[in-house]
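Report on one structure; see the data block that follows.
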Amino acid sequence: MYADLGLFINGRLVNIEGGDRSSVHNPANDEVIGSFPNASVSDLDDALASAERAFSTWKNSSPLDRNAVLHQVAMKIRQGYEPIARKLTLEQGKPFAEAVAEVLSCAEHADWHAQECRRIYGRVIPARDSSVQQVVIREPVGVCVAFSPWNFPFSQAFRKVVAAIGAGCTLILKGSSDTPASVLEIAKLFHDAGLPDGVLNVVSGDSSMISEYLIASPIIKKISFTGSTPIGKRLASLAGAHMKKCSMELGGHAPVIVCDDADIDNAVKRLVPFKFRNAGQVCISPSRFYVQANVYEEFLDKFAKLASGIKVGPGWETNSTMGPLVHARRIQEMEEFVDDAKRFGARIALGGTRHGSAGNYFDPTVIADVPEHAKLMTDEPFGPVAGIAPFQRVEDAVASANSLPYGLASYAFTTSIENSHFISRSLEAGMVSINHIGLALAETPFGGVKDSGYGREGGAETFDDYLTSKFITQK
Ligand SMILES: NC(=O)C1=CN([C@@H]2O[C@H](COP(=O)(O)OP(=O)(O)OC[C@H]3O[C@@H](n4cnc5c(N)ncnc54)[C@H](OP(=O)(O)O)[C@@H]3O)[C@@H](O)[C@H]2O)C=CC1
Ligand SMILES: O=C(O)CCCCC(=O)O
């Protein structure tokens, strides 16, 4: 259990008990572990007023002050990550070691944004007339709203928080109803680090009501969403209707191209842990494996063998290397992927069924000879299921990789410079990782193309969506 949760508005935790509340369940055993308040319109108005009031000051804050708060948060994370990680595992299910890694990665995001927020440069444009001065300054867009997902409930919210407040914006943050405690921990960290009241506010409750109400508010100038493509399209159309800036980090269905000149052992060693990390509930999880025909059986055997060593169990058990799926409906979805692949003649090389009868556990699953038109090769599994298919020519594998409307992460393993250049330049994706897994670092841009969304989090681009350029010319 964890203490009952509240809303965090204007620097205070409110609605901690009573009122309209919803329960939070432990995905490992479906036990109730806590509850959170369902924000009312009045609560949302309080959050809007708080963020708007705070923006009038925070927009003019010194980069040194923002730098100090962000570095202080990084320090607090490194000192106090364990209880946060325990709550994360309790509500999301991932192994404790993964939860610790997720929380600690945010200390790096905080440090990166502390450094970068001092480099939000404008520019002077040489004028045609020497008596004229022309400058471009970059200003924070205003009050923002962010919706973060349940799969990385701390880090995916945190990345939005550090970008918004580092740019001088203020923020209303809503996490997933499956994992509400993690985002509240972020608000407490920033409050304790000296972030002024109202710069960061956290609400919870009915996501549809909250997003429709906040996005329509004239106080909100920008939205950021991480989640499914269907919901992303719905929110982007709402943002469009109200002319709000928008950044979307949506679904993916990451292709992996393994060429016959690849180091197969290296590929297997890196891909198996990353495929089954967080039970595959990762938007950049490798999920469509295209393996060149003459190394296909070798790769398949080694991949399935290494995956068979994964220990499925509760995240708090030290020997668990894969936890449950976040909610029960995902079990049914995994079963549909397996049944559909079998109907199309695919071969189950490992797993294929739920694990046990209690908790949302599904066995690590490897399915071979999956045809292009099978559901597993067209729809994002977002679970511990890998679809593998052979290819003859590298061009054919790239064509298959690009055949879906997704374009988030992509991977390739090859020792050929020619293959590496062709693949990395031809893949329609926001991110390409070759011969290793090197994405989602604080200093590198994270985001997609096509139906995987737009905008970037992290890297030198991280503040772009929270700033606007103002051109000033003076004679
Ligand atoms: N890109 C990513 O990192 C993520 C992608 N996904 C995608 O979502 C799919 C399944 O996850 P699932 O949770 O069922 O997906 P949903 O699209 O139902 O929910 C994803 C997230 O969006 C929020 N949400 C749902 N409706 C709205 C709304 N109208 N306004 C604002 N927020 C909303 C949810 O919050 P709440 O739970 O409170 O309703 C949840 O946090 C996966 O297949 C994957 O493609 C999911 C998580 C992360
Ligand atoms: O699935 C997502 O929401 C983002 C994945 C981030 C992975 C990471 O931080 O390592």
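Since this is a predicted model, take the numbers as computed values, not measurements. Whatever order the structure lists them in is the order used to number ligands and atoms, beginning at 1. Side-chain atoms are counted along with the backbone in the values below, which use heavy atoms only and exclude waters and symmetry mates.
- For atom 43 (O) of ligand 1, the closest heavy atom belonging to the protein is F382 CB, 3.6 Å.
- We find that E102 and K94 are joined by a salt bridge, their nearest charged nitrogen and carboxylate oxygen being less than 4.0 Å apart.
- Taking each of G232, G227, G252 in turn, the one with a heavy atom nearest to atom 4 (C) of ligand 1 proves to be G227.
- Ligand 1 is never approached by E333 to a heavy-atom distance shorter than 4.0 Å.
- Of all protein heavy atoms, the one lying nearest to atom 32 (N) of ligand 1 is S207 CB, 3.7 Å.
- In this structure the side chain of F303 never reaches within 4.5 angstrom of the side chain of L350, judged on heavy atoms.
- At the shortest separation from atom 17 (O) of ligand 1 among protein heavy atoms lies S228 OG, 2.4 Å.
- The shell of residues lying under 4.0 angstrom from ligand 1, judged by heavy atoms, excludes F152.
- Not close to ligand 1: Q156, with no non-hydrogen atom less than 4.0 angstrom away.
- The R234 neighbourhood of ligand 1 comprises atoms 29 (N), with distances under 4.0 Å to a heavy atom of that residue.
- The atoms of ligand 1 that sit less than 4.0 Å from any heavy atom of H327 are 13 (O), 14 (O).
- The atoms of ligand 1 that sit less than 4.0 Å from any heavy atom of P149 are 41 (O), 47 (C), 48 (C).
- Within a 4.0 Å radius of atom 34 (C) of ligand 1, the protein contributes no non-hydrogen atoms.
- A distance of 6.0 Å or more separates the ring centres of W112 and F158.
- Using 4.0 Å as the threshold, E212 has no heavy atom nearer than that to any atom of ligand 1.
- Here I9 contributes atom CD1 and I172 contributes atom CD1; the two are 8.0 Å apart, rounded to the nearest 0.5 Å.
- The closest protein non-hydrogen atom to atom 23 (C) of ligand 1 is F225 CE1, 4.1 Å.
- With contacts defined as side-chain heavy-atom distances shorter than 4.5 Å, the pair M209/L44 qualifies.
- Looking at every heavy atom in both residues, Y406 comes nearest to G251 through CD2-O, 3.4 Å.
- By the criterion of a heavy-atom distance under 4.0 Å, the backbone of S148, and not its side chain, is placed next to ligand 1.
- By the criterion of a heavy-atom distance under 4.0 Å, the side chain of R330, and not its backbone, is placed next to ligand 1.
- Below 3.5 Å of separation, one finds an N or O of E380 facing an N or O of ligand 1.
- In this structure, the side chain of D178 does not engage the main chain of W150 through any donor-acceptor pair within 3.5 Å.
- V103 has its side chain out of reach of S182: every pair of non-hydrogen atoms, C-beta onward, lies at least 4.5 Å apart.
- Within the structure, the closest approach of R329 to ligand 1 falls below 4.0 Å when heavy atoms are considered.
- In this structure, N435 contributes its side chain and T414 its backbone to a donor-acceptor pair below 3.5 Å.
- When all heavy atoms of S403 and R288 are compared, the closest pair comes out as OG-NH1, 4.2 Å.
- In plain terms, the two heavy atoms of P314 and S320 that are nearest each other are O-OG, 2.8 Å.
- Heavy atoms of other residues, nucleotides or ligands lying less than 6.0 angstrom from NZ of K233 number 12 at most.
- In this structure, a donor-acceptor pair under 3.5 Å is absent between the side chains of D451 and T229.
- Here L235 has side-chain heavy atoms under 4.0 Å from ligand 1, and that is the only part of it that gets that close.
- Residue, atom and distance of the protein heavy atom nearest to atom 1 (N) of ligand 1 are L250 O, 3.0 Å.
- Put simply, CD on E98 and CG on N278 are 5.5 Å apart, with the number rounded to the nearest 0.5 Å.
- Contact annotation: the side chain of Y213 approaches that of L48 to within less than 4.5 Å [non-hydrogen atoms, C-beta and beyond].
- Of the protein's heavy atoms, W150 CZ2, 3.4 Å lies nearest to atom 11 (O) of ligand 1.
- At least one side-chain heavy atom of V398 sits under 4.5 Å from a side-chain heavy atom of I423.
- Neither side chain, S287 nor E380, offers a donor N or O lying under 3.5 Å from an acceptor on the other.
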Are there any N/O pairs under 3.5 Å between ligand 2 and the protein, and if so, what are their distances?
{"from": "ligand 2", "atom 1": "1 (O)", "to": "N151", "atom 2": "ND2", "distance (Å)": "2.8"}
{"from": "ligand 2", "atom 1": "1 (O)", "to": "C283", "atom 2": "N", "distance (Å)": "2.8"}
{"from": "ligand 2", "atom 1": "3 (O)", "to": "N151", "atom 2": "ND2", "distance (Å)": "3.2"}
{"from": "ligand 2", "atom 1": "10 (O)", "to": "R277", "atom 2": "NH1", "distance (Å)": "3.4"}
{"from": "ligand 2", "atom 1": "10 (O)", "to": "R277", "atom 2": "NH2", "distance (Å)": "2.6"}

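- Distances below 4.0 Å separate heavy atoms of T226 from the following atoms of ligand 1: 1 (N), 2 (C), 3 (O).
- For atom 19 (O) of ligand 1, no protein non-hydrogen atom is found at a distance below 4.0 Å.
- Closest heavy-atom contact between R21 and I16: NH1-O, 3.1 Å.
- In terms of protein heavy-atom proximity, atom 37 (O) of ligand 1 is nearest to S176 OG, 3.1 Å.
- Atom numbering of ligand 1 starts at 1 in the shown order; those under 4.0 Å from a heavy atom of S211 are 28 (C), 29 (N), 30 (N), 31 (C).
- Between R354 and E335 there is no salt bridge, since no side-chain nitrogen of the basic residue lies less than 4.0 Å from a carboxylate oxygen of the acidic one.
- In this structure, atom 38 (O) of ligand 1 lies nearest to the protein heavy atom S177 OG, 2.6 Å.
- Considering only non-hydrogen atoms, atom 2 (C) of ligand 1 lies nearest to C283 out of A157, P381, S22, C283.
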